[in-house]
Number of protein chains: 4
Amino acid sequence: MPESVGARQAQAQRTRGAVLAAAAAAFVDQGVQAPIRDIAERAGVGVGTIYRHFPTRADLVTAVYRHQIDTCAALAPRLLAESADPFTALAGWADAFVDFLVTKHGLGAALGSDDPGLANLHALMLDTLVPACATLLDACAADGDLAPGIAAYPLLRAIGNLCITGPDYDRADARRMVAVLLAGCRRTA
Amino acid sequence: MPESVGARQAQAQRTRGAVLAAAAAAFVDQGVQAPIRDIAERAGVGVGTIYRHFPTRADLVTAVYRHQIDTCAALAPRLLAESADPFTALAGWADAFVDFLVTKHGLGAALGSDDPGLANLHALMLDTLVPACATLLDACAADGDLAPGIAAYPLLRAIGNLCITGPDYDRADARRMVAVLLAGCRRTA
Amino acid sequence: MPESVGARQAQAQRTRGAVLAAAAAAFVDQGVQAPIRDIAERAGVGVGTIYRHFPTRADLVTAVYRHQIDTCAALAPRLLAESADPFTALAGWADAFVDFLVTKHGLGAALGSDDPGLANLHALMLDTLVPACATLLDACAADGDLAPGIAAYPLLRAIGNLCITGPDYDRADARRMVAVLLAGCRRTA
Amino acid sequence: MPESVGARQAQAQRTRGAVLAAAAAAFVDQGVQAPIRDIAERAGVGVGTIYRHFPTRADLVTAVYRHQIDTCAALAPRLLAESADPFTALAGWADAFVDFLVTKHGLGAALGSDDPGLANLHALMLDTLVPACATLLDACAADGDLAPGIAAYPLLRAIGNLCITGPDYDRADARRMVAVLLAGCRRTA
DNA sequence: GATGAATGAGAATTCATTCAT
DNA sequence: CATGAATGAATTCTCATTCAT
């Protein structure tokens, strides 16, 4: 009965999606350490279901952010093609990254954490965002527009850290300070 | 018996000092979330003693860092007096702040956290570090050396965030990115 | 469509066989408490299938060992016919029983357990092994070769218990101690 | 205030004793795998108290049986001195051991288990019961009363296994089968 | 008949916090 | 004032069992 199997798999995918949405919401409210039980309740599923789909917390965290990380990475070449100059592209990309990070409250902290269980997430960032950012930096450098000693990975980590917001330091502050950081990356003429 | 009262108070002060030292060491090793029991063991006291001196964890965290925060704040006017120009003083002060933050593993995260229990620490920062930093910024601005829109509080938060280190982003990276941030604060000629 | 019914039944039998084989293997590796899911995976079937064929774990345990218990029971009359004297037959049969038990890691413990769910297994033993053993004991008694007060059931339970092995007490030890037990069963001249 | 400290320690000892008694009772009813929570409830304490006194289950199991194991071991030299011949002493000691084991339902199984967490218990047995039993066996051997190839450790394991009782195999059966085993240990004249 | 996704009860373990001494 | 035993809520994780397809 292929229809039944397909229906069941479709249902499982829907459940998986509900879990991811619930986890994303929980991460915004409580950070990536949100109790599994809370996520299960938000998703309207049992805890066992979470464990079935995502055996470890790191699996869940990674899955939650993977799509958006990929989207963010894909933005880089597009901006590079569309922008007047590479540095403008870099600035635009950083803005998008900041929006991503401050919306997903807690991801900045997750990226900054040295929790070994989050190694997946680091790897994901290394594999997708670092190359994307490096492309932009290389273009800026080729343009003679980049101060020396700016590497993609620390820059991303720095932007990530700058996006750890709180009651007295909000998205606008994060954007401003990232802009300042990027200004510091620009070669002084 | 005034002497016994004095002796008792002196003993209490010594106990308090031992707890602060133990907590500082525990925070370096385990972050500001170190279990109270571990701190008590390091200090050679019972957990009840810690609760007597510091009813909440935030009280303890604040007390641990207060002295060093004060020292850091006091550095600002000295550097301003000694340095060739205000921006050099600002850079030197930032360096000292970075050293302070990365040595006290976890303080950066504590400053960046919006845990309501850490409001004391934020207040402390507001009361001492922000004015100190503002003095430096004002001097830079008076010198025409500061880009517009740089406020003391967000700058401190930004530096604090940049000092959240990890296995792939260490003290040297933090120093570098703070230097880049400061470069971005400088008015372009 | 009688053929399809037959085919379905044949398929069901094959499934049942696969489950039994998988369960036997799992019991060797993990004991009779092996997770149902593990058994299902080994068998390449869903857990529901196991529950359909064997509603309780005891049903599965019993089914797994039934054939081998029957084989063991059938050995008794054969040995009695072939051996020089009844006591030799008894010793040979005990050896075979020991081999059976220690190979089926966990069965000894299952026989010794008073888990009410394993009542089936006890009943099975009572129905097949006890008569087989009793035949041998009767023959020994008729030969004047058996100490008084040796009953089949406790003897089997004793042998079963002696076959509960571990890291410091292995199959060889079990064989030795069963031999000692049988020596104690022999009438002293 | 030495009195206060002494009182608190005395209270802690009483708690510890209550936990041991509750654990012993729980082990009789449910085996050594009894849930910690059940033991805590029987003892009228919180689960944390159990963990404070006995960090691992093995610690608890060991503590529960240590005293009785010591008592049992101490019985050996006494019986040897009082009995007419060494083999009588051995038989008497085995009787006492059987009483101990069947009363402490579950210890036989614990001794037979290869759970690595119960290594302590095995070590305890090795350190105290094996030497005690070996003394008796040596005396029997010196008397020319012992069949060859009987070692203390496997013999103890065997007796332990024979004492795993159940609904159809009770203390009387265990005693009988141990007696048969010992008869098998005696040198045939 | 077969499947396996979903459920949720149950067990272990940790630690902040209280309070009698 | 200091102590640390006791408490129990909170959290993670596992697995037997059910049931819609």
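A note on names: the letters A, B, ... follow the listed sequences, proteins ahead of strands, and every chain is numbered from 1. Values in this document were obtained by computation on a predicted structure and should not be read as measured data.
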Side-chain touch B:Arg42/B:Asp29, heavy atoms, less than 4.5 angstrom: yes

Applying salt bridge (charged side-chain N to carboxylate O under 4.0 Å, His left out), name anything that partners A:Arg52, two or more places apart in sequence or on another chain. none

N or O in side chain of C:Thr15 less than 4.0 angstrom from E:dA2 OP1/OP2: yes

Is there side-chain contact between B:Val32 and B:Leu121, with heavy atoms separated by less than 4.5 Å? no

To the nearest angstrom, how far is D:Glu41 atom CD from E:dA11 atom C1'? 13 Å

Given side chain to side chain donor-acceptor pair (under 3.5 Å), test A:Asp59 with A:Thr62 step by step and report yes or no. CA-CA 5 Å; A:Asp59 293 331; A:Thr62 305; 5.7 Å; no

Rounded off to whole Å, could you give me the CG-to-C1' distance for the A:Asp38 and F:dC13 pair? 16 Å

Expressed in angstrom and rounded to an integer, what is the separation of A:Asp59 atom CG from F:dT12 atom C1'? 15 Å

Supply the atom-to-atom distance C:Phe27 CZ to C:Leu60 CG, rounded to the nearest 0.5 angstrom. 4.5 Å

So, for B:Leu20 and B:Ala63, which heavy atoms are closest and what is the spacing to 0.1 Å? CD2-CB, 3.6 Å

Looking only at side-chain atoms of D:Arg8, point me to the closest of E:dG1, F:dT7, F:dA5. F:dA5

Pick the nucleotide of DNA chain F nearest each of A:Gln33 and D:His53; which residue has the one closer to the 5' end? D:His53

Separation of F:dC13 atom P from A:Leu60 atom CG, nearest Å, is 12 Å

Whole-Å gap separating P (F:dA16) and CD (C:Gln30): 10 Å

Considering all heavy atoms of both residues, which atom of B:Pro35 and which atom of B:Gln30 are nearest to each other, and what is their separation? CD-OE1, 3.8 Å

By nearest-heavy-atom nucleotide on DNA chain E, the more 5' of A:Ile50 and D:Pro35 is A:Ile50

Nucleotide N/O of nucleotides 17-19 of chain F paired with protein N/O under 3.5 Å:
from, atom 1, to, atom 2, distance (Å)
F:dT17, OP2, C:Tyr51, OH, 3.4

Paired and unpaired positions of DNA chain F as dot-bracket, Watson-Crick or G-U wobble under 3.5 Å, | denoting a partner strand: .||||||||||||||||||||

Between B:Gln13, B:Gln9, B:Arg14, which is the residue that forms a side-chain hydrogen bond (donor to acceptor under 3.5 Å, both in side chains) with B:Gln11? B:Arg14

Can you check the B:Gln13 CD to F:dA2 C1' distance for me, whole Å? 15 Å

Would you say the side chain of D:Arg52 and the base of F:dA5 hold a donor-acceptor pair, judged only by whether the two atoms sit under 3.5 Å apart? yes

Side-chain N or O of A:Thr49 closer than 4.0 Å to phosphate OP1/OP2 of E:dT7: yes

Side-chain touch A:Tyr65/A:Met125, heavy atoms, less than 4.5 angstrom: no

Distance, rounded to the nearest Å, where D:Arg14 contributes CZ and E:dA20 contributes P: 16 Å

Without decimals, in angstroms, what is the distance between A:Gln11 CD and F:dT21 P? 8 Å

